[in-house]
Trainee: 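Encoded as structure tokens, here's the structure I'll be asking about.
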Amino acid sequence: MATPAGLRIEYGNVLTGAVGKTHGLTAAELKRGQAELKEHVRQVERERKQGQHRYRDLPDDKAMLRAVKAAIKRRQPGCENLVVLGIGGSALGNIALQTALNPPLYNLMSRRDRKGPRLFVMDNVDPVQFGNLLDVLGGELKKTVFNVISKSGETAETASEFLIVRDLLARKLGSKGLARQILVTTDPEAGTARSMVEAEGYESLPVPPGVGGRFSVLSAVGLFSAGMCGINISQLMAGAAEMSARCATSVVRRNPAAVLAQILYAYYVRGKRMHVMFPYSYQLKDLADWYRQLWAESLGKCLDRDGQPSVVGPTPINALGATDQHSQVQLYREGPRDKVFIFLQVDKFDRDVKIARRKGTPDTLRYLEGASLGKLLNAEKVATEYALTRSEAPCLTIRFPRINAHTVGQFIMLWEAATTLCGYLLNLNPYDQPAVQMGKDFTYGLMGKTGYEKQARQIARFASAAAGRYSV
Ligand code: PA5
């Protein structure tokens with residue numbers, strides 16, 4: 001079978017020829033950077049052999065894929081609604097896969113036209129949002145599967161939603177019904193969610209050890225909901241495997257992750273620390289959201305790999321073309337020169353909509369007649385990129401020949417591998433997130449968790465001071 005066409009990165013518009021000497025990179029500079037990166041690529045490949053960077057091996061984990069497919073086969077019949085309870089790396093990939101690979105109004109389509117259940121990913125504890133979901137699904141609990149996803153099994157947001165659903169199901173369907181409607185995706189051995197699986201008899205899927213939350217979309221975390229909704233998860237993994245192989249070469253100019261990491265790092269060092277991902281496709285909008293977490297949580301650190309103080313971190317921003325041309329491009333062209341733009345462009349959309357010709361169309365709008373929305377969207381992308389380069393803003397484009405499971409799998413692996421390399425260039429550990437913990441600990445204090453009494457006292461003082469004199 002011929003391999004479907006893959007992603008291509010076009011980076012001519014970061015060079016001095018396109019954006020001038022002050023803001024552009026020279027070909028010689030690119031070449032010099034490649035030598036440093038070559039060593040990092042080799043190091044990563046060596047470390048993979050010792051069991052590190054486990055996310056890179058997920059596409060080869062056939063047993064894991066088989067287990068996910070078996071669970072889908074068991075759960076799909078009679079399932080009208082799939083609710084994912086998770087947050088951060090346990091939700092953003094699920095949302096991104098669904099937006100990219102199913103129709104935008106999938107949940108509103110009739111059951112006949114959908115390839116699976118409706119999907120709701122609840123990645124917040126907003127009471128109005130969650131309460132509304134329960135209202136809508138209240139009468140359909142027997143036809144609803146709740147996939148609780150938490151690697152640690154301790155996350156307060158996911159746990160609280162889980163407890164609400166557990167109580168609801170137990171009251172409405174009894175303990176057997178409760179166990180039937182829940183599937184827990186968590187660490188295979190440790191954590192509270194794992195203990196609940198053992199104690200209460202839920203079906204479960206493992207989050208593979210050594211794979212962190214934001215790198216886990218190509219495990220059971222993202223694959224179960226995608227496969228339930230009819231997405232071709234084998235193709236997704238084949239695309240990821242292909243990209244992983246391309247990202248293993250130490251010939252940096254042929255390694256897409258290394259090229260991305262090199263360019264974005266080079267600009268980071270030169271003070272362009274905002275990395276704007278700008279997809280010109282609604283389908284890709286949530287992949288930009290997923291990228292934002294991956295880049296931010298992995299690369300924003302205050303200690304280097306040796307534990308020495310070193311505050312670094314590019315700021316990822318996501319925008320959507322053409323919508324955000326009418327919201328942010330003014331800033332991007334005339335505001336501070338601290339940004340690099342990463343456009344996502346689609347060569348062939350799955351469908352297109354013609355702009356109709358009709359008598360009476362005003363002369364000023366006739367240029368649109370007979371064209372298509374796809375043509376207009378891509379014209380806007382090229383025009384915006386050109387306008388940005390005229391403001392000497394460096395731009396690169398990741399081109400999707402088409403959006404399908406294969407290219408989306410490639411995209412995911414590309415950014416995960418680029419994140420690792422960028423972390424190495426910045427001399428930090430891309431896999432931890434120690435700064436997230438403090439907010440969690442003080443939330444525990446506020447919510448009265450045993451062992452967090454000191455945090456409770458501290459936060460009470462803070463809250464009363466904040467609500468004090470300096471308010472208006
Ligand atoms: O990338 C990460 O590690 C985080 O974003 C986690 O995914 C997030 O905090 C949720 O954690 P957990 O899956 O343990 O509930």
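Side chains included, hydrogens not; waters and symmetry mates left out as well; all remaining heavy atoms used. What you see is a predicted model; the values in this text were computed from it and never measured. Counting starts at 1 for both ligands and their atoms, in listed order.
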Trainee: Are Phe215 and Tyr431 an aromatic pair, judged by ring center distance below 6.0 Å?
Mentor: yes

Trainee: Taking the six-membered ring for Trp and the single ring otherwise, decide whether the centroids of Trp290 and Trp415 are under 6.0 Å apart.
Mentor: no

Trainee: Looking at atom 13 (O) of ligand 1, what's its closest protein heavy atom, distance included?
Mentor: Ser90 OG, 2.6 Å

Trainee: Report, in ascending order of atom number, the atoms of ligand 1 lying under 4.0 Å from any heavy atom of Ile87.
Mentor: 7 (O), 8 (C), 10 (C)

Trainee: Would you say the rings of Phe162 and Tyr202 are close, in the sense that their centroids are separated by under 6.0 Å?
Mentor: yes

Trainee: Applying the side-chain contact (heavy atoms from CB on, under 4.5 Å) test to Cys247, which of Val41, Leu421, Asn255 qualifies?
Mentor: Asn255

Trainee: Please say whether Thr158 places an N or O atom under 3.5 Å from an N or O atom belonging to ligand 1.
Mentor: no

Trainee: In terms of atom number and element, which parts of ligand 1 are under 4.0 angstrom from non-hydrogen atoms of Lys151?
Mentor: 12 (P), 13 (O), 14 (O)

Trainee: Is any side-chain N of the basic residue among Arg42 and Glu45 closer than 4.0 Å to the acidic one's carboxylate O?
Mentor: no

Trainee: Taking only heavy atoms of Arg214 into account, list the atoms of ligand 1 that are under 4.0 Å away from them.
Mentor: 1 (O), 2 (C), 3 (O)

Trainee: Would you mind listing which atoms of ligand 1 come within a distance below 4.0 Å of any non-hydrogen atom of Gln293?
Mentor: 1 (O), 4 (C), 5 (O)

Trainee: Look at atom 4 (C) of ligand 1 and say which protein heavy atom is nearest, naming residue and atom and giving the distance to 0.1 Å.
Mentor: Glu297 OE1, 3.4 Å

Trainee: Give me the residue, atom name and distance of the protein heavy atom closest to atom 9 (O) of ligand 1.
Mentor: Lys440 NZ, 4.2 Å

Trainee: Please identify which atoms of ligand 1 are closer than 4.0 Å to at least one heavy atom of Gly89.
Mentor: 5 (O), 6 (C), 7 (O)

Trainee: Quick one: which ligand 1 atoms are inside 4.0 Å of a heavy atom on Thr155?
Mentor: 11 (O), 12 (P), 14 (O), 15 (O)

Trainee: Please determine whether a side-chain nitrogen of the Lys or Arg among Arg180 and Glu203 lies less than 4.0 Å from a carboxylate oxygen of the Asp or Glu.
Mentor: no

Trainee: Can we say Glu416 and Arg214 salt-bridge, meaning some charged N sits less than 4.0 Å from an Asp/Glu carboxylate O?
Mentor: no

Trainee: Side chain or backbone, does Gly88 bring an N or O within less than 3.5 Å of an N or O on ligand 1?
Mentor: no

Trainee: Record the part of Gln433 in heavy-atom contact with ligand 1 below 4.0 Å; permitted values are side chain, backbone, both and neither.
Mentor: side chain

Trainee: Measuring centre to centre across the rings, with the benzene-like ring taken for any Trp, is Phe278 within less than 6.0 Å of Tyr280?
Mentor: yes

Trainee: Does ligand 1 have any atom sitting under 4.0 Å from a heavy atom of Glu157?
Mentor: no

Trainee: Does a side chain donor of either Gln98 or Asn102 reach within less than 3.5 Å of an acceptor in the other side chain?
Mentor: yes

